[in-house]
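Okay, structure first, notes after.
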Number of protein chains: 2
Amino acid sequence: MEFPSRISPRVLDIPIIGKALSDADKASANGLGMILKRYPAHTIITREGDGEDRIFFVSSGWSCIYTDLLSGERQIIDFPAGGDVIGLRTRRSPSRVSFKSITELTVFEMAAKALTSASEHSPTLASRLLSVAARQRAILIEHLTNIGRRSGAERVAHLLLEMGARQHYGQIANINAYECPLTQHDLADALGLTAIHVNRVLKELRQLGLLSFQHRIVEILDLNEIINLTDFSLSYLKYDDFA
Amino acid sequence: MEFPSRISPRVLDIPIIGKALSDADKASANGLGMILKRYPAHTIITREGDGEDRIFFVSSGWSCIYTDLLSGERQIIDFPAGGDVIGLRTRRSPSRVSFKSITELTVFEMAAKALTSASEHSPTLASRLLSVAARQRAILIEHLTNIGRRSGAERVAHLLLEMGARQHYGQIANINAYECPLTQHDLADALGLTAIHVNRVLKELRQLGLLSFQHRIVEILDLNEIINLTDFSLSYLKYDDFA
DNA sequence: CGTTCCCTTGAGATCCGTCAATATTAGTGG
DNA sequence: CCACTAATATTGACGGATCTCAAGGGAACG
């Protein structure tokens, strides 16, 4: 493996990098200028309206992308975690979303231009980027469906199950618990609810024996019932084995 | 312009095709196997779970992509119209969404594989696809924010303004009315509301002098107020002038 | 050991959904 | 052009889910 020395081997765990760059011509890979960075918890990394165009590959930690509304409310679009990619916009027009760390966050960071121009010389990389974009879209569609057509309890259960699966690279079968640094306020802003209602719903889910979320620990108490209740599917979390 | 003769010149109006293919090597363009097709209103074109992988460029007409839930409810993800692209998934795993015409629909249709392999030989085309994906993502994010953090009236007003802008290629300044074939039920399924509530909200918006939607005609009565009420922005609808 | 988030709980108000009935429009066949 | 039908739109009464306001408790952190 011939990677620039400043890129840690851990980067290979990131699907797009591990699979695509190993095929890409080394000239491209070397020119990416990717650096490893560490942000403290609760740091705004990219602000809405920034002209800046960077791309981030999350190595470890939790984060969120969100938009602020005029009303002062916040809509969280996603909680990217290890393996996720942020900033895959390739757009000149300033983004309306901000990007913030929730825990301490370790990312591989690079200029968007570097990646897009590299992708012009590496069809494999371009394909891989499209595949990542497709996965992100699938996740976003699930999120939209969750907010649009499910009750508060279903929304919370679905999101917590999804986050558990994403923490474990798309597996849920053997998870009965995972650590989750999100606050009830974070959940509310992601799910179109208020924090107070999220609190009540969590209590209800706990009493029903479905799941428990206390002291940063999510416990899956009855996986089958949750899957049933929320119509949960794993398939949308998969990366494409795009030929 | 050297296009396969079976492709109508109208295809050039579609941003991705008009701008990308004219640059792409002609071999790619000729190999796309794109055909023009016409579907009657209310026809399911692609069903959830289809293994089939086609890509559609809408030439004219309205359509929707949606998912059906176990509960029998429906979540509409988007209403693609002229110039939009459907099926840009590049995924093997079957899609969870269906695609349906609302009015009579004219599309340019091709195998997904043909486009992805063409994009491997045309960096410009690949970039253009990423740009289209970015725009779709921006629209989806706005939709999510709309459902998650706005009241019924705001949701309806925002969606109807967006659709007006998309019908007019991203302009709203000079629109005071447009034809909209969506039913109140369609709006409800897109906005996470019931048709009955959409009806009441439309009445309210009409009485407030903001907008009117009757007999398939949307009239923008007070554009500035609507923009104000819904925090509407045009920027997310733009295609990227991606270098 | 105090300050600041975060969580928890209650009471009342509001938005929106459900159920039910009717009116209006669009489509179809005669 | 009319009669019939189905889809769509409209309205009212009622109930439920969620929000708002308010207060207090617990956990984390300097």
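The structure presented is a predicted model; accordingly, all values stated were derived computationally and were not measured. Letters go in sequence order (proteins before strands), and every chain restarts at 1.
Distance, A:D186 CG to C:dC6 P: 8 Å, rounded to whole Å. Between the P atom of D:dA27 and the CD atom of A:Q214 lies a distance of 11 Å, rounded to the nearest Å. To the nearest angstrom, C1' of C:dC5 lies 15 Å from CD1 of A:I102. Between B:Q207 atom CD and D:dT10 atom P there is a gap of 11 Å when expressed in whole angstrom units. Put simply, CD on B:Q184 is 12 Å from C1' on D:dA7, counting in whole angstrom units. Between B:D189 atom CG and D:dA9 atom C1' there is a gap of 15 Å when expressed in whole angstrom units. Distance, B:H185 NE2 to C:dG17 P: 12 Å, rounded to whole Å. Atom CD1 in B:I217 sits about 14 Å away from atom P in C:dT25, given to the nearest Å.
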query: Just by protein heavy atoms under 4.0 Å, how would nucleotides 12-25 of chain D read 5' to 3' in B, S and -?
result: BB----SBBBB---

Evaluation steps, salt bridge (charged side-chain N to carboxylate O under 4.0 Å, His left out), between A:E142 and B:R96: CA-CA 9 Å; A:E142 274 296 318; B:R96 285 192 101 196; 2.3 Å; yes

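A cation-pi arrangement is found for B:K100 relative to B:Y66, the charged atom lying closer than 6.0 Å to the ring centre and inside a 45° cone about the ring normal.
With 3.5 Å as the limit, one finds a donor-acceptor pair spanning the side chains of B:E162 and B:Y236. Counted by atom type alone, B:S101 and B:S63 present zero donor-acceptor pairs between their side chains at under 3.5 Å.
In this structure, the ring of B:F99 has its center less than 6.0 angstrom from the ring center of B:F56.
No salt bridge links A:R47 with A:D68; every basic N to acidic carboxylate O contact stays at or beyond 4.0 Å.
For D:dT10, the OP1/OP2 oxygens have a side-chain nitrogen or oxygen of B:N199 closer than 4.0 Å.
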